[in-house]
Amino acid sequence: MIDLELLRNNPEIIKEEIKKRQMKIDVDKDIKLDDGRRSLIFEIDELRAKKNEASKKIPKLKGEEKNKLISQMKNLNQSLQILEEKLNKVEEKFYASLANYPNISNSSTPVGKDENDNVVEYFKGEKPEFSFEPKNHIQLGTRLDILDEKRAAKISGSRFVFLKRDAVLLEFALVRYVLDLLIGKGFILMIPPTLVKQDAMHGTGFFPAEKTQYYKTELDDLYLIGTAEVPLCAYHGDEFLDIEDLPLKYAGFSSCFRREAGTYGKDMGGMFRVHQFDKVEMFIFSNPRNSWDDYEYLRDTVEEVIGSLGIHYRIMNMCTGDIGNPNAKKYDLEAWLPGQQNYRELASCSHDTDYQSRRLNIKYKDGKKKDFVHTMNSTACAVGRTLIAIYENYQTKEGNIKIPEALVPYMNGKKIISAED
RNA sequence: GGAGGGGUGGCAGAGUCUGGUUGAUUGCGGCGGUCUUGAAAACCGUUGAGGGUUUUCCUUCCGGGGGUUCAAAUCCCUCCCCCUCCGCCA
């Protein structure tokens with residue numbers, strides 16, 4: 001949700017933003033809707049004031065006078081009803097249109113059309129060198145019998161996998177490692193519901209969306225989350241947060257479900273792009289005054305997670321044409337995958353300013369001042385993709401997989417996954 | 001799934017039967033003040049959120065939605081949520 005004051009006073013800023021994002025929205029039409037809406041509210045309020053006044057008089061009156069006023073009020077109610085119906089229609093239109101408005105991007109977000117205009121900020125770590133042709137994670141996982149996509153396809157269709165044997169232990173090791181790291185930084189741990197109501201999807205900016213974009217349960221109007229961002233953000237919906245508690249940092253572990261509509265043929269096979277995966281997601285409620293510092297801290301944190309696993313990556317500053325509606329800014333962390341000889345998205349770190357907090361009504365009080373908090377989120381560890389990065393970066397000539405040093409204690413001292421086990 | 005009870009301002013808790021200066025008594029908490037070297041206690045005052053207008057007022061909100069009525073926290077319908085008991089169950 002955008003600020004209505006901005007729409008009224010600086011519509012050119014919004015129009016400019018829409019252009020930057022390659023979107024098409026008729027802003028002037030919505031300004032007219034808002035004007036109409038406000039004059040209706042004014043008329044309605046006046047009638048209601050009359051009505052309230054009469055309601056105080058009526059019990060004191062008697063006989064003819066009383067009946068006269070009552071019948072006057074009956075008439076007034078008819079005009080009131082007509083106006084209210086009008087207002088309802090206008091508001092419905094107005095807010096439905098407003099729901100499609102993007103956030104205002106930060107000045108540091110590069111303006112661009114699509115993913116080709118994203119900007120490489122910097123590289124971290126070293127590409128591993130192999131004296132042999134590195135395998136991809138599917139070859140490695142299948143050989144070691146820790147990944148089974150064929151049977152997953154039999155049971156559930158394409159884009160599902162079974163994690164098996166040491167892959168399961170490695171997932172839990174990874175998750176526990178990451179949780180420990182985040183506990184140390186004061187994050188509050190969560191396991192949120194993975195089924196949520198429409199309001200939560202809408203409030204976080206995932207709705208409105210095409211029906212093909214998400215999973216929905218048949219009987220209960222509940223939606224499967226694509227990320228823990230949704231329940232973590234909606235967690236404080238309709239609340240005032242104590243300014244002393246900001247920044248309020250959560251880390252949520254959940255399964256994530258994505259239909260991946262429109263990606264047919266892309267990244268087929270393996271577990272890079274699957275309908276279901278597990279993820280530790282960080283979510284921060286922030287004081288707007290410090291939120292851009294908190295955001296860099298958030299980026300530092302995901303870099304620490306991936307960096308400490310010894311994976312080479314680069315940080316991308318995503319352009320206006322490639323960030324989501326709620327995002328004012330977004331970094332992607334792209335890890336080097338030797339099996340693909342390419343950098344691929346492992347994590348995503350977004351600053352949504354007050355876009356979500358407006359929709360979900362999450363505020364803080366600073367003395368007498370009331371304002372919306374800022375929200376931001378970042379992947380801490382998308383387990384499937386991180387496993388891919390580990391498999392491919394830590395493979396040996398024989399096709400075994402070494403365990404990253406940081407995870408060894410979490411694997412009961414095990415240092416390598418090999419076929420001989 | 002069956003039976004019953006309940007959702008009121010930051011919290012607790014009246015008001016609902018018997019509709020009308022009740023946006024709502026009271027207590028706690030919060031804020032301001034008096035007192036005090038300071039604090040506590042005591043006392044006094046103040047204290048919900050949204051919208052429109054704009055500094056003055058108006059309006060909406062007692063779980064959500066709908067209805068009855070000149071008038072609804074209060075009556076009716078419906079949905080949601082919570083609690084207790086029974087059944088079932090990881």
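A, B, ... follow the sequence lines: proteins, then strands. Residue 1 opens every chain.
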At under 4.0 Å between heavy atoms, what does A/Lys56 touch on the DNA or RNA strands: base, sugar-phosphate, or nothing? nothing

Mind checking the P distance from B/G4 to B/G10? Whole angstroms is fine. 33 Å

From CG of A/Leu195 across to C1' of B/C80 the rounded distance in Å is 17 Å

Between A/Tyr95 (OH) and B/G50 (P), how many Å, whole number? 14 Å

Are A/Phe207 and A/Tyr214 an aromatic pair, judged by ring center distance below 6.0 Å? yes

Spacing of the P atoms in B/C76 and B/G5 (rounded, Å): 13 Å

Can you tell me how far P in B/G67 sits from the matching atom in B/G30, rounded to whole Å? 43 Å

State which residue, out of A/Val178, A/Leu174, A/Thr386, fulfils the side chain to side chain contact (heavy atoms under 4.5 Å, CB included) condition with A/Val280. A/Val178

Within the structure, does a side-chain N or O atom of A/Lys66 lie under 4.0 Å from either OP1 or OP2 of B/C70? no

Pairwise C1' distance for B/G9 and B/G29, with rounding to whole Å: 13 Å

B/U8 versus B/U25 - spacing of their C1' atoms, nearest Å: 13 Å

Atom-pair distance (CG on A/Asp238; C1' on B/G9), nearest Å: 15 Å

Taking atom P in both B/G63 and B/A72, compute the distance separating them and give it to the nearest angstrom. 15 Å

By nearest-nucleotide position on RNA chain B, the 5'-leaning member of A/Lys365 and A/Asn88 is A/Lys365

Is it the case that A/Arg299 places NZ or CZ above or below the six-membered ring of A/Tyr331, under 6.0 angstrom from the centre and within 45 degrees of the axis? yes

Less than 3.5 Å apart, any donor N or O on the side chain of A/Ser105 or A/Glu17 sitting next to an acceptor on the other? yes

Letter by letter from the 5' end, nucleotides 51-59 of chain B scores (B base, S sugar-phosphate only, - none; protein heavy atoms under 4.0 Å) BSS----SS

Given that both distances must come in under 3.5 Å, which nucleotide forms a Watson-Crick or G-U wobble pair with B/U84? B/A3

Once you round it to whole Å, what is the distance between C1' of B/C80 and CD of A/Gln198? 15 Å

Rounded to whole Å, how long is the line connecting atom CD of A/Gln78 with atom C1' of B/C70? 13 Å

Any strand counts, and the cut-off is 3.5 Å on both contacts for Watson-Crick or G-U wobble. Which nucleotide pairs with B/G27? B/C11

When we call it a touch if two heavy atoms are under 4.0 Å apart, what does A/Ile58 touch: a base, just sugar-phosphate, or nothing? base

Which word best sums up how the rings of A/His275 and A/Tyr215 line up, parallel for under 30°, tilted for 30 to 60°, or perpendicular for over 60°? perpendicular

Pairwise P distance for B/U22 and B/C81, with rounding to whole Å: 36 Å

Quick note, A/Lys51 side chain, CB onward, closest among B/A49, B/A71, B/G20 is B/A71

Which base sits across from B/C62 as a Watson-Crick or G-U pair, both distances under 3.5 Å? none

Could you tell me if the ring centre of A/Phe283 sits under 6.0 Å from that of A/Phe285? yes

Would you kindly check if the NZ (Lys) or CZ (Arg) of A/Arg385 is within the cone defined by 45 degrees around the ring axis of A/Phe277 and under 6.0 Å from the six-membered ring centre? no

Partner nucleotide, any strand, of B/A42 [Watson-Crick/G-U, under 3.5 Å]: B/U34

Please determine if A/Lys365 forms a cation-pi arrangement with A/Phe240, meaning its NZ or CZ atom is less than 6.0 Å from the six-membered ring centre and no more than 45° off the ring axis. yes

Which whole-number value in Å describes the distance from A/Leu76 CG to B/C70 P? 13 Å

What nucleic acid atoms does A/Lys370 come within less than 4.0 Å of, heavy atoms only: base, sugar-phosphate, or nothing? sugar-phosphate

Toward the 5' end of RNA chain B, which comes first, A/Gln81 or A/Asn361, by nearest nucleotide? A/Asn361

Between C1' on B/G67 and CD on A/Glu84, what's the gap in Å once rounded to a whole number? 14 Å

Pairwise C1' distance, B/C35 and B/A41 [rounded to whole Å]: 11 Å

What is the distance from CZ of A/Phe240 to P of B/G9, rounded to the nearest Å? 14 Å

Would you say the side chains of A/Lys279 and A/Thr227 form a donor-acceptor pair under 3.5 Å? yes

Could you tell me whether A/Asn77 contacts a base, only the sugar-phosphate backbone, or nothing, with contacts defined as non-hydrogen atoms closer than 4.0 Å? sugar-phosphate

